[in-house]
Amino acid sequence: MVTPAVIEQKHRKIGTFICEQCGLSTSYDYYGKAPPFSKSIVIMEDAFVVRDPFTSDRKPLILGSHCSLCNKVICMAVNCSLFYTKRFCLSCVQENIEEFPMEIQQELAKKIKR
Ligand SMILES: [Zn+2]
Ligand SMILES: [Zn+2]
């Protein structure tokens, strides 16, 4: 069964986070801005959060979020998404590159060269 039912529900429920850019897939504990298991964390965007199983205080790790333009699910990897006032997938950044400031354009140019 490969029906991406979780994706259709826009990941509002606890399930599996799958980056549509690189294919990274992992389960997550929470989607939103304020994880109930961490009072101190403030997230700038609705994000997929998992409690770090490798630390004793299980501090939240942000896995990824949605692209604010195409709504694609993307992880935080530098080759998948970029945060500039909002989160964007790299495909949308490339398509709208002239909308971004010079430093972002240069950053992206470096990434594409590799
Ligand atoms: Zn990714
Ligand atoms: Zn996008």
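Ligands are counted one by one from 1 in listed order, and the atoms in each one are counted from 1 as well. What you see below is based on every heavy atom in this structure, not just the backbone, and it leaves out hydrogens, waters and symmetry mates.
Here Phe48 and Tyr28 bring their ring centres to under 6.0 angstrom of each other.
Evaluation of the salt bridge (Lys or Arg N to Asp or Glu O under 4.0 Å) rule for Glu45 yields Arg87 as partners, not counting sequence neighbours.
For the pair Arg51 and Phe37, the cation-pi criterion (under 6.0 Å, within 45° of the ring axis) is fulfilled.
The SG atom of Cys67 and the SG atom of Cys70 subtend an angle of 110° at the Zn ion (ligand 2), given to the nearest 10 degrees. The Zn ion (ligand 1) forms the vertex of an angle spanning SG of Cys80 and SG of Cys22; to the nearest 10 degrees it equals 110°. Computed with the Zn ion (ligand 2) at the centre, the Cys92 SG to Cys89 SG angle is 110°, stated to 10 degrees. Computed with the Zn ion (ligand 1) at the centre, the Cys19 SG to Cys75 SG angle is 110°, stated to 10 degrees.
Classified by interplanar angle (parallel below 30°, tilted 30° to 60°, perpendicular above 60°), the ring pair Phe100/Phe88 is perpendicular.
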